[in-house]
Q: 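Here you go, one structure.
As the structure lists them, so they are numbered: ligands from 1, and atoms in each ligand from 1. We use all heavy atoms of the structure for the numbers below, so side chains are in, but hydrogens, waters and symmetry mates are not.
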Amino acid sequence: MNAKSGIAPNLTLDEFRKVVCSRRSVRRFTEEPVPDHVLDDCLELAMLAPNSSNLQPWEFYVVRTPDLKAKLAEACLGQNAAKTAPVLIAVVARTDTWRKHSRMALEQWPEEKLPGIVEKYYSKIVPIHYNQGPFGLFGAAKKAAGLFVGLTRPVPRGPYSPNEMKIWATKSTALAAENLMLALRAHGYDSCPMEGFDECRVRRLLKLLKKGQVTMILAAGKRSEKGVYNRQYRFDKDDLVHYL
Ligand SMILES: Cc1cc2nc3c(=O)[nH]c(=O)nc-3n(C[C@H](O)[C@H](O)[C@H](O)COP(=O)(O)O)c2cc1C
């Protein structure tokens with residue numbers, strides 16, 4: 001597939017549907033390891049997720065060493081998915097890499113000529129838009145200005161605080177987590193996303209900085225026979241989908 005050309009290839013809807021519909025949260029895995037080339041490919045596909053301003057605020061911590069994995073599984077409240085998975089992947093959202101990544105976006109622009117608008121975006125707009133300043137004071141000032149200017153025209157309404165930056169980074173990172181789970185499925189492997197973990201302990205085990213938000217820990221491996229606990233169900237579409 002020529003990703004650069006922007007020409008979309010012909011796809012098989014059936015295969016996509018199979019990947020999406022066969023993905024389940026698997027709570028018990030076999031001992032079969034996930035090969036390195038599969039993990040690598042899945043992580044590459046995860047990183048192709050759409051993300052805010054292409055600032056790629058994610059990180060992935062792949063834990064396979066038995067000792068660390070056992071400790072991490074304990075920090076995941078001893079859940080079966082974590083205890084039986086041959087690999088655990090902490091999907092982390094970073095609220096602090098946007099500055100470095102905006103420089104990288106300029107350095108690594110994939111076309112020969114850097115458009116002026118892109119240059120302006122990463123060198124002028126991004127440093128204002130995502131900067132919250134010491135104690136979030138710049139964010140608060142931006143919010144006040146936004147409220148005022150927003151009376152007469154549409155304006156961006158954030159991120160205006162360190163907490164909103166967490167939401168900002170988490171949105172994109174969660175999309176990467178979904179790509180990762182679907183990629184594992186497409187390779188014939190399974191996963192369970194987990195937010196049931198002790199964040200303080202996880203942070204300590206992974207030696208994470210304060211600015212890293214553990215969005216999810218994914219247990220990954222081959223589903224065991226009794227790995228899926230119940231049939232999949234979703235609420236009525238009519239209540240949740242609104243055509244306007
Ligand atoms: C953000 C998030 C956190 C989750 N945390 C856990 C968890 O800690 N433990 C668990 O067994 N499942 C967890 N799940 C899986 C959900 O329970 C599961 O997706 C849901 O029940 C629907 O089932 P399905 O994924 O098989 O369709 C989590 C899912 C998401 C998206």
Q: Where is the nearest protein heavy atom to atom 3 (C) of ligand 1: which residue, which atom, and how far?
A: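 Residue, atom and distance for the closest contact: Glu195 CG, 3.3 Å.
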Q: Give me the nearest non-hydrogen protein atom to atom 26 (O) of ligand 1 as residue plus atom name, then the distance to 0.1 Å.
A: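 For this ligand atom, the closest protein heavy atom is Arg24 NE, 2.7 Å.
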Q: Counting both backbone and side chain atoms, is some N or O of Met216 under 3.5 Å from an N or O of ligand 1?
A: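 There is no such contact.
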Q: Aromatic contact between Tyr130 and Trp168, with the criterion being ring centroids under 6.0 Å apart: yes or no?
A: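 So the answer is yes for these two rings.
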Q: Specify the protein heavy atom at minimum distance from atom 8 (O) of ligand 1: its residue, its atom name, and the distance to 0.1 Å.
A: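 Its nearest protein heavy-atom neighbour is Gly196 N, 2.9 Å.
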Q: Quick one: do His129 and Trp98 satisfy side chain to side chain contact (heavy atoms under 4.5 Å, CB included)? Show the steps, please.
A: CA-CA 10 Å; His129 193 56; Trp98 61 266; over 6 Å; no
Q: Got Glu119 and Trp109 here, is their nearest side-chain heavy-atom distance under 4.5 Å?
A: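 A side-chain contact is absent here, since even the closest heavy-atom pair is not under 4.5 Å.
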Q: Taking atom 20 (C) of ligand 1 as the reference point, report whether a protein heavy atom occurs under 4.0 Å from it.
A: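 Given the 4.0 Å cut-off, atom 20 (C) of ligand 1 does not count as touching protein heavy atoms.
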Q: With atoms numbered from 1 as shown, which atoms in ligand 1 lie under 4.0 angstrom from a non-hydrogen atom of Arg23?
A: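 The list of qualifying atoms is 24 (P), 25 (O), 27 (O).
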Q: So is Ala81 close enough to ligand 1, meaning a heavy atom under 4.0 angstrom away?
A: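 Checking ligand 1 against Ala81, which is what was asked, there is no heavy-atom contact under 4.0 Å.
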Q: If two hydrophobic side chains count as joined below 4.5 Å and joins carry through other members, does Leu45 share a cluster with Leu43?
A: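 No, Leu45 and Leu43 fall in different hydrophobic clusters.
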Q: For atom 18 (C) of ligand 1, what's the nearest protein heavy-atom neighbour? Residue, atom name and distance, please.
A: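 For atom 18 (C) of ligand 1, the nearest protein heavy atom comes out as Ser25 OG, 3.3 Å.
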Q: Taking atom types as modelled and ignoring hydrogens, do the side chains of Tyr121 and Asn54 form a donor-acceptor contact shorter than 3.5 angstrom?
A: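 No, no side-chain donor-acceptor pair sits under 3.5 Å.
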Q: For Pro193 and ligand 1, does the shortest N/O to N/O distance drop below 3.5 Å?
A: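 N/O-N/O distance under 3.5 Å: yes.
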Q: For Cys192, counting its heavy atoms only, list the atoms of ligand 1 lying under 4.0 Å from any of them.
A: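 Checking each atom against Cys192, I get 10 (C), 11 (O), 12 (N).
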Q: Please report which non-hydrogen protein atom sits nearest to atom 9 (N) of ligand 1, along with the residue it belongs to and the distance in Å to one decimal place.
A: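 In this structure, atom 9 (N) of ligand 1 has Gln79 OE1, 2.7 Å as its nearest protein heavy atom.
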Q: I'd like to know if Asp190 pairs up with Arg223 as an ion pair, taking the criterion as any Lys NZ or Arg NE/NH1/NH2 lying under 4.0 Å from an Asp or Glu carboxylate oxygen.
A: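 A salt bridge links Asp190 with Arg223.
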Q: Counting only heavy atoms not in Glu225, do more than 12 fall under 6.0 Å of its CD?
A: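 No - once you tally the heavy atoms of other residues, nucleotides and ligands closer than 6.0 Å, there are 12 at most.
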Q: Checking a contact table here: which protein heavy atom is nearest atom 22 (C) of ligand 1, and how many Å away?
A: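 Result for atom 22 (C) of ligand 1: Arg234 NH1, 3.6 Å.
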Q: Could you tell me which atoms of ligand 1, counted from 1 in the order shown, lie closer than 4.0 angstrom to a heavy atom of Gln232?
A: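 Selected atoms, number and element: 24 (P), 27 (O).
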Q: Is Glu74 salt-bridged to Lys71, going by a charged N under 4.0 Å from an acidic O?
A: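 No.
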Q: So which heavy atom in the protein is nearest atom 11 (O) of ligand 1, and how far is it from that ligand atom?
A: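 Answer, as residue, atom name and distance: Arg27 NE, 2.8 Å.
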Q: Run the salt-bridge test on Arg64 and Asp36 with the 4.0 Å N-O cut-off and return the result as yes or no.
A: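 Yes, charged N to carboxylate O under 4.0 Å.
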